[in-house]
There are 2 protein chains.
Amino acid sequence: MSGAAEIQKLVIASGNAGKLREIRHLLDPLGIEVLPQSAFSITEVEEPYCTFVENALAKARHASKSSGLAALADDSGICANALNGGPGVYSARYAGEPKSDERNNQKLVDVLRNQTDRRAHYYCVMVLVRHADDPQPIIADGAWHGEIILEPRGEGGFGYDPYFFLPDLGKTGAELPMELKNRISHRGKALARLTECLKEGAF
Amino acid sequence: MSGAAEIQKLVIASGNAGKLREIRHLLDPLGIEVLPQSAFSITEVEEPYCTFVENALAKARHASKSSGLAALADDSGICANALNGGPGVYSARYAGEPKSDERNNQKLVDVLRNQTDRRAHYYCVMVLVRHADDPQPIIADGAWHGEIILEPRGEGGFGYDPYFFLPDLGKTGAELPMELKNRISHRGKALARLTECLKEGAF
């Protein structure tokens with residue numbers, strides 16, 4: 001498998017239209033056709049692992065098995081210093097089911113209210129498998145550091161963005177133009193690194 | 001978990017003295033003390049996974065649980081194009097138990113003898129966990145491309161090195177001075193990338 005350079009088509013294990021658009025934008029110049037999971041019967045898969053990378057790998061494998069194609073999946077979350085990296089892999093369901101950004105944010109603000117260290121980072125890992133049993137998935141990750149504030153600011157973004165403050169920019173993630181956020185965010189960095197790996201075509 | 005910069009001590013999940021020396025050499029300048037697994041009761045762990053990264057993660061977790069420290073493990077193997085990436089994660093036990101470099105090499109040469117494409121690459125992935133449940137292990141990998149020849153050359157190295165020919169250098173892995181091999185090999189590249197991640201201290 002000298003591999004990466006040979007990928008001509010891949011499926012994205014995500015139903016998110018924004019992610020799909022962003023990934024297409026980056027992989028199109030590499031001659032890689034990016035298909036949405038909706039083109040195949042890809043069901044949701046369990047994410048039972050304690051690491052982001054194992055969850056992403058499970059999703060990528062499942063999508064590859066269902067589609068017969070190479071597949072790309074990501075997993076991401078927010079990790080607070082005072083919570084020893086939590087909510088981490090549980091970020092999307094921090095306040096329980098059904099998933100709710102509003103309740104998740106409320107819970108995070110509540111548990112950090114009396115903490116002096118409110119630093120946190122978003123983390124994203126992307127995993128690309130060439131086939132379901134690929135022994136050597138391409139793994140690319142990125143982190144985005146900021147701090148949690150107690151009152152929301154901004155209308156953009158999603159997830160914890162309105163409470164995720166970037167001291168250098170004086171803004172929250174929800175106050176950034178999407179183009180800027182896509183460039184500097186955890187996901188932006190992971191995608192840039194993934195593109196680099198694919199360009200190198202090293203393996 | 002801004003994490004990486006805070007690692008002061010870690011255990012290497014390997015009994016290999018050469019690896020230990022090499023890793024110490026790289027991490028010492030970062031103020032990270034590297035301990036051998038022999039300082040703890042670390043037993044061998046199963047490596048049942050089909051990916052290098054999952055096997056390395058299993059070893060790192062196990063070493064961290066046994067020692068109570070951050071732990072670094074690697075997994076590596078050789079992947080032949082004509083074998084669709086095999087023997088891959090099975091490289092060390094390709095010709096069965098007990099493990100034997102000689103029988104492994106014989107088997108690889110036998111199966112590739114009538115193939116025209118004898119390109120292969122070594123691959124190494126290093127995984128560092130800060131604790132056994134670390135949601136965000138540091139993952140660093142590297143590949144080393146060459147081709148398999150049918151007659152061995154050189155006395156150095158180990159594993160498949162005497163049959164792993166580097167066209168650019170006109171030598172096999174077993175003919176290279178150790179210092180050069182450590183710099184350009186799959187493991188050298190993975191370690192360089194790991195050091196980079198630790199220096200960035202990004203997460």
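Reckoned from all heavy atoms, side chains included, excluding hydrogens, waters and symmetry mates. Per chain, numbering begins at 1; letters A, B, ... match sequence-line order.
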| request: Considering non-hydrogen atoms only, spot the tightest contact between B/Cys50 and A/Asp133 and give its length. | output: SG-O, 4.0 Å
| note | Taking every heavy atom of B/Pro135 against every heavy atom of A/Val89, the minimum-distance pair comes out as CB-CG1, 4.5 Å
Atom [atom1] of [X] with >12 non-hydrogen neighbours under 6.0 angstrom:
| X | atom1 | result |
| --- | --- | --- |
| B/Glu97 | CD | yes |
| B/Lys19 | NZ | yes |
| A/Phe40 | CZ | yes |

| Tell me, side chain or backbone of A/Leu57 under 4.5 Å from chain B's heavy atoms, or both, or neither? | side chain
| note | From the list A/Glu54, A/Arg61, A/Gln136, side chain to side chain contact (heavy atoms under 4.5 Å, CB included) with B/Thr51 holds only for A/Arg61
| Quick one: are B/Ile139 and A/Asp141 in side-chain contact, heavy atoms under 4.5 Å? | no
